[in-house]
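Worksheet: the structure to be examined is printed underneath.
By convention in this document, chain letters (A, B, ...) are assigned in the order of the sequence lines, proteins followed by strands, and residues within each chain are numbered from 1.
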Number of protein chains: 2
Amino acid sequence: MAAKRTKRNQDEHRFLEQYDADAFERLSVSVDVSLLTQVGGELRVFLVRRDEHPFRGQWSLPGGFVGVDESLEAAARRVLRDKAALEGVFLEQLFTFGQPDRDPRTRVLTVAYYALVDWSRLAELPTGSDAALATLHVPFAGETGGPVDVTVDGEPLLVAFDHADIVGMAIKRLRGKLDYAPIGFQLLPERFTLLQLQQLHETVLGQQLNKDSFRRRMLQSGMLEATGEREKAVGHRPAELYRFVHRSAI
Amino acid sequence: MAAKRTKRNQDEHRFLEQYDADAFERLSVSVDVSLLTQVGGELRVFLVRRDEHPFRGQWSLPGGFVGVDESLEAAARRVLRDKAALEGVFLEQLFTFGQPDRDPRTRVLTVAYYALVDWSRLAELPTGSDAALATLHVPFAGETGGPVDVTVDGEPLLVAFDHADIVGMAIKRLRGKLDYAPIGFQLLPERFTLLQLQQLHETVLGQQLNKDSFRRRMLQSGMLEATGEREKAVGHRPAELYRFVHRSAI
DNA sequence: AAAATAGTGTCTATGAGACACTATAGT
DNA sequence: ACTATAGTGTCTCATAGACACTATTTT
């Protein structure tokens with residue numbers, strides 16, 4: 001029995017040594033990251049201007065090809081580091097887009113990720129001719145999934161490839177997870193008021209929420225922890241600052 | 001202005017003609033399908049026995065490499081047709097698994113799909129030495145996401161690659177979508193009783209459900225349509241048969 | 001004092017769970 | 001008649017929304 005197993009392993013070892021990786025055609029694989037943030041009641045996405053063909057001059061999600069020995073998430077984090085100078089942010093796989101004609105160069109399959117950050121971590125990024133924090137205009141309040149309109153100061157941007165679809169799916173995912181996953185706090189500073197949290201939810205969901213029940217739901221969820229501190233210099237009674245608590249059990 | 005745009009297009013055209021697809025390393029890309037079904041209060045997955053290295057003799061999800069001009073979903077449907085003789089079934093992208101060492105041959109990234117079918121469409125499949133409908137033993141009732149135990153007649157099967165993880169994620173996705181998406185009926189025959197539907201939900205979720213509120217929820221959801229027919233020869237009052245109605249709105 | 005938002009207490013409407021009861025098939 | 005499940009009606013409890021009211025800060 002032991003001998004048999006050993007023989008098998010030798011078989012497999014020999015097979016692997018002789019394996020021809022080109023036995024099947026290989027594809028170019030990239031990652032593209034929808035880096036989302038929120039400010040002033042608007043959702044924004046970080047875009048870079050393409051300075052090379054194809055779609056030269058148009059705007060696209062930050063992305064890059066996946067290295068042969070690089071995991072998908074590592075590739076996405078590398079892209080965030082190189083193009084947006086960000087590390088340690090929330091990042092999750094979104095969907096893999098693989099229509100054969102989605103890239104005019106050659107077959108390029110892209111594994112889309114989405115990332116969430118507080119506005120303060122993006123505000124200092126140099127934007128202008130080569131990068132932009134574009135405002136998202138999402139079709140309608142409920143579901144989306146389709147492409148999204150993208151503007152800067154009200155002017156529409158041309159979005160390259162199928163990246164407008166990718167951003168649309170990112171918004172849809174964010175909306176879907178907001179209510180049952182501790183995901184919203186990724187878009188807020190470390191300490192925040194309940195009103196800020198509610199306004200964030202309203203921005204993401206695209207609809208007004210009831211103040212009373214929102215408060216109750218959030219405080220009962222056990223995800224929030226009062227800090228004892230209060231906001232300052234606000235021209236009215238200051239609200240308590242809360243912090244998200246990462247619970248081990250559910 | 002028109003001239004400028006034309007020049008641009010010529011530029012881009014020339015660029016594309018000269019593009020070297022090997023400028024970046026390419027990867028092998030496969031699809032793997034978790035084909036799930038349900039019978040007798042158990043969830044089952046369709047597995048095939050590998051007759052080639054690596055993992056020869058072990059069991060894996062039906063899968064295949066993606067052709068250069070083939071969309072991902074087309075590849076998944078091809079796999080279902082070739083390995084399970086199925087067409088026109090529910091199929092949805094699940095997740096892309098891309099750990100560099102997940103395949104001992106070479107870097108193989110796999111786009112996982114999951115498919116759902118009524119048991120009657122799988123019962124006639126020849127299983128035995130080369131294919132099996134394995135019973136799934138899911139860790140615990142709530143969430144999963146980790147690997148899943150797979151048995152046939154109580155005997156555990158060796159599952160190749162990271163396919164046990166893939167099946168685990170498929171179950172998790174199915175559980176998550178069951179309550180808010182018209183997805184459960186994919187696992188039932190065309191006409192079914194409310195009790196059958198409830199037992200399906202109990203099987204998938206791994207927990208008992210309240211009969212009264214389950215009835216109410218389902219009937220109020222607008223997803224069900226009474227057929228006027230009743231089940232026959234059941235040794236007790238026969239239940240009405242329902243059909244799922246595909247709504248355009250919502 | 002006025003303005004503005006924070007935060008509390010309570011009433012009401014809605015949906016889930018529990019339970020009792022009636023209905024209808026096969027045996 | 002007996003058994004087993006289908007299906008209905010009603011009560012209770014938990015939660016969301018609505019609304020009134022009090023609290024606390026800056027100007």
Report the distance from atom [atom1] of [X] to atom [atom2] of [N], rounded to the nearest whole Å.
X	N	atom1	atom2	result
B/Leu195	D/dA6	CG	P	5 Å
A/Glu231	C/dA4	CD	C1'	11 Å
B/Phe214	D/dA6	CZ	P	12 Å
B/Gln198	D/dT5	CD	C1'	12 Å
A/Arg215	D/dA18	CZ	C1'	16 Å
A/Gln196	C/dT5	CD	P	14 Å
B/Arg217	C/dG15	CZ	P	13 Å
A/His236	C/dG7	NE2	C1'	13 Å

Next item on the list: Would you kindly check whether a donor in the side chain of A/Lys211 faces an acceptor in the base of C/dG7, or vice versa, at under 3.5 angstrom?
Entry: yes
Assess the side chains of [X] and [Y]: does a donor N or O sit below 3.5 Å from an acceptor N or O?
X	Y	result
A/Thr110	A/Ser30	yes
A/Thr96	B/Thr96	yes
B/Tyr114	B/Glu92	yes

[X] side chain, from C-beta outward: closest of [options]:
X	options	answer
B/Asp212	C/dG7, D/dT8, D/dG7	D/dT8
A/Ser213	D/dA16, C/dA6, D/dA4	D/dA16
A/Arg237	C/dG7, D/dG7, C/dA16	C/dG7

Notebook entry, point to check: With sugar-phosphate meaning primed atoms plus P, OP1 and OP2, does B/Gln220 contact a base, only sugar-phosphate, or nothing at under 4.0 Å between heavy atoms?
Noted result: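 B/Gln220: no heavy atom of the nucleic acid under 4.0 Å.
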Next item on the list: For A/Arg216, answer base if it contacts any base atom (sugar-phosphate contacts may also be present), sugar-phosphate if it contacts only those atoms, and nothing otherwise; contact means non-hydrogen atoms under 4.0 Å.
Entry: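 Touches a base.
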Margin query: Can you work out whether A/Asn210 or A/Lys232 has the more 5'-proximal nearest nucleotide on DNA chain D?
Written below: A/Asn210
Margin query: Any heavy-atom pair between the side chains of B/Gln196 and B/Thr193 that's under 4.5 Å?
Written below: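 They are in contact (side-chain heavy atoms under 4.5 Å apart), so the answer is yes.
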Notebook entry, point to check: Quick one: does A/Asn210's side chain have a donor or acceptor within less than 3.5 Å of a partner on A/Asp212's backbone?
Noted result: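 Here the side-chain-to-backbone pair exists.
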